[in-house]
Each structure stands twice: as C-alpha cells, then as structure tokens.
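So you know, we letter chains A, B, ... as the sequences are listed, proteins then strands, and number each from 1. Quick caveat, the model's predicted, so the values are computed rather than measured.
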There are 2 protein chains.
Amino acid sequence: MAQKDKSDVTKEHLLNEAEGLFAQKGYNAVSVREITKAANCNLAAVNYHFGNKQNLYLEVFRARWVPRARLLQEHFRKSLAAQGSPSPTAVAKALAEAFLVGPLSDKERHRHHQLMVRELGQPTEAFELVADQVMRPFFKGLADMLRPVMPEGLGEERLMLNILSIFAMVLYFNFARVAVTRITGYEYDTAFKARLVEHIVEFSLKGLGGAEKEELR
Amino acid sequence: MAQKDKSDVTKEHLLNEAEGLFAQKGYNAVSVREITKAANCNLAAVNYHFGNKQNLYLEVFRARWVPRARLLQEHFRKSLAAQGSPSPTAVAKALAEAFLVGPLSDKERHRHHQLMVRELGQPTEAFELVADQVMRPFFKGLADMLRPVMPEGLGEERLMLNILSIFAMVLYFNFARVAVTRITGYEYDTAFKARLVEHIVEFSLKGLGGAEKEELR
DNA sequence: GTTTGTATCAAACGATCGTTTTAATGTCAA
DNA sequence: TTGACATTAAAACGATCGTTTGATACAAAC
C-alpha cells in the first residue's frame, strides 16, 4: 500500500511537470531527463510508468487536459443556465467567462491553451482524443443551442464558423499573451484581463449578430 | 562568378527548404541533416553559409518572412485605396482579402502563418524582428486609419483589441486548417475559402461595430 | 525469516544531434 | 600555368537524445 502510494505520487509529479514543460516548449524541445529532473525522480521512471515519452504525452491529455476541458464545459453550462434562456448574449458571456476567468488558475489556463494550440497547428494522436471527446461534442452542443436563436436562413456552415471564430479569439488571447504584451505594452494584470473579457464578449456578440436579435425580443 | 552563382543557388535552396520544414515541424523537430538533404546539398553547407542552425532560422525570417509580410501589407494598402475612404467595412474587406486570398499561394500562406503562430506562442529572437519591422508599424497604421471612423469614445486599448481580434481569426483559420477540417468536415477548397473570407469580413465588420451592413452584400 | 513483487536507482546502450575539421574540387586573376 | 580563393565533400567530434539493463531497497505474503 505504501509502495503503491509512492508510485502514484511519482506518476502524478511526472504528469504535472510533463504537462507544464510540453505546454511551454513543445514535445520535441523537452527531454525525458528534463522532465524527470523537474519531477524529482529517476530517468527511467518515465519508461517504467508510461512505457515511453510519447505515451506520457498522450497520458497528459488523457489524465489532465480532457478532465480540465470537461471542467470548463461544466462551468460554462452552469454559467449559462444561471442566465436563463440561451440567447446569443448569454452564450457569448458564458463562453468568455468560462474560458478567460472561469474555474482555472492563470497557470492552468495558459497550459491548457498552449497544448491545444500546439495540437491545432500540428495534430498528433492526442488530437483525436481532444476532437472526439471534447471539441466535436461541445461544438455540436453549442450549435444546437444557438441555431434556434440565430438569424433566419443562417446555414450550418455559417453557424459553425461563428462558433469557431469566438474560439479563435479565446485561444489567441490566451496563448499569445507574451506576444500581445510585447506588441501592445499591455500587461496581463487583473484589470486588463477584465477588459479583455468585456471586449471578447462584445466583439463575439456583435459578430454573432445577436445584439439586434435580442432587442427584437 | 559562376562560383558565386552556385553558392547563391545553394543558399536559396537552403532557405526555401528550411522555411518549409521549420513551419511544418517547428525549430527543434527539424535537423540540419533533414534540411540539407531536402536542399540537395552537403551537411556542412548550413554552417558554412549561415554559421549555425539558429542563424539559418533567423535568416528565414529576414530573407523570406519579412519581405512576404511587406508584400501582404502592400497588397492590403492597394486593395484599401481602391475602395476609396477607409471605412470599417473597407478595412475589414481589404484585410481578409489580403490575408486569406491575396498575392500568396496556398502553400506560402500556410507557411507564413505557421511560422507566425510559432513565434507568437513562444517568441524567440525572430519575434523581435517581426514585431519591430512588421507588426507594430502595421497595427499602428491600422489604428490611425480606424480611429477617426470608429464610434466615439472608443479608447486606444479597445481599438487595439479590435484589430488583434480580427488577426486572431485570420491566423486561426490559416494555421489550424487541418484541425478545422478534422472537426467540421469542411475541406479547404476554393468554395469553402471564399465563404470563409465572406464570414471573416462579416464577423469582423460586425465586431468592429461598423454600421454599413448594406455595403457587404 | 524467507520469498515475492514493486519501485527506484546508477549505468550504459546505440542513435542522432549540431558543429568542426580536413581534404578535394572548381574558378578566376596573375 | 600557377597560386589564391571560394565552395563542396566526407568523416569525425563531443554532447545529448530515448530507451534498456541489472542491481538494490523495501513493504507485504507466506
């Protein structure tokens, strides 16, 4: 039992440190030695507990990324339910709030979106996991939610492009924060992040064309 | 003279192949051997002509990326000038057209945005180049252009966030095309790309708060 | 107390990395 | 034709990579 506990602790540390390093530097730029050193364990631990480096990477998604994504989606659903009927305004607000403030710490959120963007730009086996278990169901749910409240005659394709565009902004402002700061001079402090959420909600809402729609109701 | 020509040919090949591979796989996942093999030259050529691998990477940005970015900006300026006064509509149209259709081939555009996203997520020395010589001046120009025609009382920060949001979409739909196809099922054929431009123009325009919707269709 | 099985450890494996060295090749000026 | 120079070529450098091995520590089972 005590042995089992120790083993679990090592695995947890490995997953944590691996996720951070993979997110920060990318798969190829991180060595197994670097991970095991950060996790305070022996070099062979990765191969002992996970088989090989690539499987550790996949396990990071299985054991860390996907559960966190589910947490985000749960937070979104509750936030949306609290606002009553799912108008475009409510959806945009709940989305931005969940993904830019939400239940995650700053570090967690940064990690999460860095890993996502890496898989978006260069899909590996982990992308299948993310697409099947997280993205497709979530986007489908969003589409079902928005379809009845969007302008008439808006096709399925256009609906999906609207949803993807909101995510483009959310992803961008999360993963490119260093660059955004270097370009604009704005630091990602609490005040700026608040204005950022405000902006994304407003921009998304207008983009969805939901402002007039809501006024009509 | 004939020697000089041969040397130039080798350098050009190296820059071309290096850019393609760096864009596709990222700096660390590409080996010097892989590059020189693709460029049909000797392994030592990289160190002879560029000093080392990192300097080849930087030279890719100096000799390829930045000039292409200037080409895009020039295309944007001409496209905008052809539409008369720089209304939000005209700016959104010219931006989407330049960056999603524009003067570049599909492969070039893909490369261009892949390299950009890599630097955005994990800035290296090349980012300074890109930020100083391309991004900051271009964003400043856009801001100067849009400021007089945007709604009253819109602060500088909000103006910049609007511009960044448009670029977020442009970047996203360019670099995440594999993922977008895998998620939505839509192939990036000519018809889809046309609808994509249409969508981004419309979404951006609404997001900017541009009123002139009738100009769109 | 001995055996069994799990987890960790140091050490080494072969492969590949970026880079350097040294020799060969080709070209132009003198 | 010869010497100087620029480019290419093959081979090797030391370092680091992911992975494997065999020994060791230690708690639980008998």
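- The side-chain hydrogen bond (donor to acceptor under 3.5 Å, both in side chains) test applied to B/Lys78 returns no partner, not counting sequence neighbours.
- For B/Arg111, the salt bridge (Lys or Arg N to Asp or Glu O under 4.0 Å) partners are B/Glu19, not counting sequence neighbours.
- Between A/His13 atom NE2 and C/dA7 atom C1' the separation is 15 Å, expressed in whole Å.
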Under-3.5 Å N/O pairs linking protein and nucleotides 18-22 of chain D:
unit_1, atom_1, unit_2, atom_2, d
D/dG18, OP1, A/Val30, O, 3.4
D/dG18, OP1, A/Lys53, NZ, 2.7
D/dG18, OP2, A/Val32, N, 2.8
D/dG18, N7, A/Arg33, NH1, 2.8
D/dG18, O6, A/Arg33, NH2, 2.8
D/dT19, OP2, A/Lys53, N, 2.8

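- Residues that satisfy the salt bridge (Lys or Arg N to Asp or Glu O under 4.0 Å) test with B/Glu74, not counting sequence neighbours, are B/Arg77.
- One finds a side-chain N or O of B/His49 lying less than 4.0 angstrom from the OP1 or OP2 phosphate oxygen of D/dT8.
- We find that CD1 of A/Ile35 is positioned 17 Å from P of D/dT16, with the value rounded to whole Å.
- Rounded to an integer number of Å, the gap from CG of B/Asn40 to P of D/dT8 is 12 Å.
- Side-chain nitrogen and oxygen atoms of A/Thr10 include at least one within less than 4.0 Å of the OP1 or OP2 phosphate oxygen of C/dT8.
- Applying the side-chain hydrogen bond (donor to acceptor under 3.5 Å, both in side chains) test to B/His110 and every residue at least two apart in sequence or in another chain returns nothing.
- Rounded to a whole Å, the CD atom of A/Glu34 is 12 Å from the P atom of D/dT16.
- Under the salt bridge (Lys or Arg N to Asp or Glu O under 4.0 Å) criterion, A/Lys53 pairs with no residue at all, not counting sequence neighbours.
- Between the side chains of A/His199 and B/Ser165, at least one donor-acceptor pair of N or O atoms lies under 3.5 Å.
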